[in-house]
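Since the structure comes first, as structure tokens, the remarks are kept for the end.
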Amino acid sequence: MRQILTVAVLMLAFLQSWGQRNEILNDRIASLQVVAGDDWLSMPVVPLDGSTPINISFDDLTHDYIRYCYRLEHCEADWTPSSQLFSSDYCEGFTDGNTIDDLSQSINTNTLYTHYQLQLSNSKCRFKMSGNYKLTVYDGNDEDNIAFVACFMVVEPLVGVGLSVVTNTDLDVNNRYQQVEMDLRYNNAVRISDWQRQIKTVVLQNGRWDNAVWNPQPQYITNEGLRWQHCRQLIFDGGNEYRKFEMLDMTHTTMGLENINWDGRDYHAYVWTDEPRKNYVYDEDANGAFYIRNSDNVENDVASDYAYVHFRLQIPRLPDDVYINGVWTNDQFIPKYKMEYADEDLSYQLTLPLKEGYYSYQYLLLDSKGKAHPLPSEGNFFQTENTYQGLVYYRGNGDRTDRLLGYQSIKFKL
């Protein structure tokens, strides 16, 4: 029995860690973006009232037309499918078979691609229920040929969520960590008879799901709500500021690039070699976000080209694997984003094809248990500017699914 419970816990952790991430399943798909309105710096969370849409865009690295269709699915708080719902419960219209009709071919680019865009809600499909959503995009002529899965959230803000951050933590004082405090106020909007069964919470740092804290135990419980204060589960590594670069033009270098060249077939951009950071230095960054644009800032979606971007981190070899991480990697720890060590240069290296634009990124160490940590060479500082997000899900008595009734995001900056 103990072995069965252990397996169940590990499976739940796996679902919570991986079930909510965007996942590209076709090598031709690139530059997938899932954005709430035009706010590319924030998590993809939109209100149920439809005042802000979810915008999904991507490139297919060919000029061939593909009849892409999408399937919309409501999920529980842990991102497992909502098996007790009918599609008509959460969507007005059709949840499957709708085509993506907004597409344009690239213009004057070395890498040929077709840019696709989709906005939700739309005339074919409109949200009726809050919660987690997965959108599966597939080839309309071959339903088994899935291009990618995109994840986002719809909130009906019926409860109040407050967040704050302190550096005087239960592990140290003004050293390496940041501790989140959260306050949940029911606002008489929901009837709570058993909060442990009806309420689910998630706290994230910089929108990352790999180190998200699920259902931390509150320290204060009242009829009006819950409060998490001096909660050891809500202590996060401060880390360091994200690194960044801009690739805006294939004819000259821009911020963070050492050089750009053409090898007769492709463009190559070389990011300045990253070196250890022994001290904290504030630097304005985007906490892993990215934004597609070119130097003219005109027709960014179809006139921006692709180049092979070369990253190099000059540090001694480490015992665990090193990955590059950002929103544009979909926070995935997969071989594509794993750094390889070059003994001759004493550095970790990685080359990725990326579209022109602004990119922020960090390096993370993945231990044998699958948990990511800041690299020792990158530093871990309480002063680091980070954003934190709180999600509150609710399932009332007799309800068949988890609804998202509260969302809050704050930026911590000393």
Side-chain angles (χ1 to χ4, degrees), residues 14-15 17-35 40 44 54-73 75 79 81 94-107 109-120 122 124-125 132-152 209-210 265-267 288 290-292 300-302 304-309 323-338 350-357 359 361:
F14 177 83
L15 287 169
S17 296
W18 294 96
Q20 71 294 331
R21 296 179 183 176
N22 301 331
E23 185 176 8
I24 295 175
L25 301 172
N26 187 316
D27 291 338
R28 291 206 320 269
I29 302 302
S31 302
L32 172 62
Q33 294 178 286
V34 184
V35 180
W40 60 279
I54 280 287
N55 289 310
I56 299 173
S57 63
F58 63 97
D59 293 340
D60 185 307
L61 300 180
T62 174
H63 270 183
D64 297 335
Y65 168 70
I66 306 296
R67 190 173 70 90
Y68 281 115
C69 300
Y70 61 88
R71 180 184 308 115
L72 186 67
E73 186 176 25
C75 296
W79 292 91
F94 301 96
T95 59
D96 198 1
N98 297 325
T99 56
I100 302 177
D101 301 319
D102 187 353
L103 63 150
S104 303
Q105 292 182 341
S106 60
I107 303 171
T109 58
N110 177 62
T111 299
L112 301 181
Y113 62 87
T114 304
H115 183 73
Y116 292 78
Q117 297 183 122
L118 170 66
Q119 189 173 93
L120 295 170
N122 56 49
K124 299 177 183 178
C125 182
N132 295 338
Y133 282 86
K134 284 186 181 180
L135 185 89
T136 301
V137 172
Y138 58 90
D139 186 338
N141 297 320
D142 180 7
E143 292 190 21
D144 294 329
N145 185 2
I146 297 175
F148 63 86
V149 178
C151 299
F152 58 90
W209 288 93
D210 64 280
R265 178 179 177 179
D266 298 298
Y267 290 106
F290 72 112
Y291 185 75
I292 301 300
N300 292 323
D301 293 329
V302 295
S304 300
D305 214 334
Y306 279 82
Y308 285 99
V309 179
Y323 289 81
I324 197 166
N325 172 267
V327 174
W328 49 278
T329 71
N330 299 309
D331 285 326
Q332 288 186 315
F333 299 96
I334 58 177
K336 179 178 180 180
Y337 303 117
K338 180 182 173 182
L350 180 66
T351 301
L352 293 169
L354 297 176
K355 195 174 183 179
E356 286 179 297
Y359 292 82
Y361 64 97

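When reading the values below, keep in mind they use all heavy atoms of this one structure, side chains included, and skip hydrogens, waters and symmetry mates. When a residue number appears, it is its place in the shown sequence, counting from 1.
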**Item:** Partners passing ring-ring contact (aromatic ring centres under 6.0 Å, His included) against Tyr359 (at least two apart in sequence or in another chain)
**Value:** Phe245, Phe290, Trp328
**Message:** Suppose we screen for salt bridge (Lys or Arg N to Asp or Glu O under 4.0 Å). Which residues come up paired with Asp60, at least two apart in sequence or across chains?
**Reply:** Arg28
**Fill in**
Residues passing the salt bridge (Lys or Arg N to Asp or Glu O under 4.0 Å) test with Lys336, sequence neighbours excluded, are none
**Fill in**
Sequence neighbours excluded, the answer for side chain to side chain contact (heavy atoms under 4.5 Å, CB included) partners of Ile107 is Glu299, Val302
**Prompt:** Taking only residues two or more places apart in sequence or in another chain, which ones pass ring-ring contact (aromatic ring centres under 6.0 Å, His included) with Tyr68?
**Reply:** Phe58, Tyr116
**Prompt:** Is there a side-chain contact between Leu135 and Leu118, using heavy atoms and a 4.5 Å cut-off?
**Reply:** yes
**Item:** Atom of Thr109, atom of Ser304 and distance for their closest heavy-atom approach
**Value:** CG2-O, 3.8 Å
**Asked** So, does Thr329 use its side chain to make a donor-acceptor pair with the main chain of Asn325 at under 3.5 Å?
**Response** no
**Item:** Pairing residues for Gln33 by the side chain to side chain donor-acceptor pair (under 3.5 Å) criterion, not counting sequence neighbours
**Value:** Ser57
**Item:** Pairing residues for Asp59 by the side chain to side chain donor-acceptor pair (under 3.5 Å) criterion, not counting sequence neighbours
**Value:** His115, Tyr306, Lys355
Name every donor-acceptor pair, under 3.5 Å, that has one atom in a side chain of residues 96-105 and the other anywhere in the protein, sequence neighbours excluded.
from   : atom 1 : to     : atom 2 : distance (Å)
Asp96  : OD1    : Tyr138 : OH     : 2.7
Asp96  : OD2    : Arg71  : NE     : 3.2
Asn98  : ND2    : Tyr70  : OH     : 3.4
Asn98  : ND2    : Phe94  : O      : 2.8
Thr99  : OG1    : Asp101 : OD1    : 2.8
Thr99  : OG1    : Asp101 : OD2    : 3.3
Asp101 : OD2    : Lys124 : NZ     : 3.3
Asp102 : OD2    : Gln117 : NE2    : 3.2
Gln105 : NE2    : His63  : O      : 2.9

**Prompt:** Among all residues two or more places apart in sequence or in another chain, which pass the side chain to side chain contact (heavy atoms under 4.5 Å, CB included) test with Ile24?
**Reply:** Ile29, Leu32, Phe148, Asn330
**Distance in Å, Cys151 SG paired with Trp209 CH2, rounded so as to fall on 0.5 Å steps** = 9.0 Å
**Asked** Considering all heavy atoms of both residues, which atom of Ala150 and which atom of Asn22 are nearest to each other, and what is their separation?
**Response** CA-OD1, 3.4 Å
**Prompt:** What is the distance from atom CG of Leu120 to atom CG of Leu72, rounded to the nearest 0.5 Å?
**Reply:** 6.5 Å
**Prompt:** Taking all non-hydrogen atoms of both residues, which atom of Gly140 and which atom of Cys69 are closest, and how far apart?
**Reply:** CA-SG, 3.7 Å
**Prompt:** About how many Å separate CG of Leu112 and CG of Asn110, when rounded to the nearest 0.5 Å?
**Reply:** 7.5 Å
**Asked** How about Asp142: does its CG atom have over 12 heavy atoms from other parts shown lying under 6.0 Å from it?
**Response** yes
**Message:** Between Leu352 and Tyr337, is the side-chain contact (heavy atoms from CB on, under 4.5 Å) condition met? List the steps.
**Reply:** CA-CA 8 Å; Leu352 293 169; Tyr337 303 117; 3.9 Å; yes
**Prompt:** How many angstroms lie between atom CG of Asp301 and atom OG of Ser106, to the nearest 0.5 angstrom?
**Reply:** 11.5 Å
**Message:** Test your reading of the model: is there a side-chain donor-acceptor pair from Arg21 to the backbone of Asp331, 3.5 Å cut-off?
**Reply:** yes
**Asked** Got a second to check how far Ile66's CD1 is from Asn141's CG, nearest 0.5 Å?
**Response** 8.0 Å
**Request:** Output all residues satisfying side chain to side chain donor-acceptor pair (under 3.5 Å) with Thr95, sequence neighbours left out; order by chain, then residue number.
**Result:** none
**Asked** What pairs with Asp64 under side chain to side chain contact (heavy atoms under 4.5 Å, CB included), at least two apart in sequence or on another chain?
**Response** Thr62
**Message:** Using 0.5 Å steps for rounding, measure from the CD atom of Gln119 to the SG atom of Cys125.
**Reply:** 12.5 Å
**Prompt:** Does Asp305 reach the main-chain N or O of Thr111 with its side chain, forming a donor-acceptor pair under 3.5 Å?
**Reply:** yes
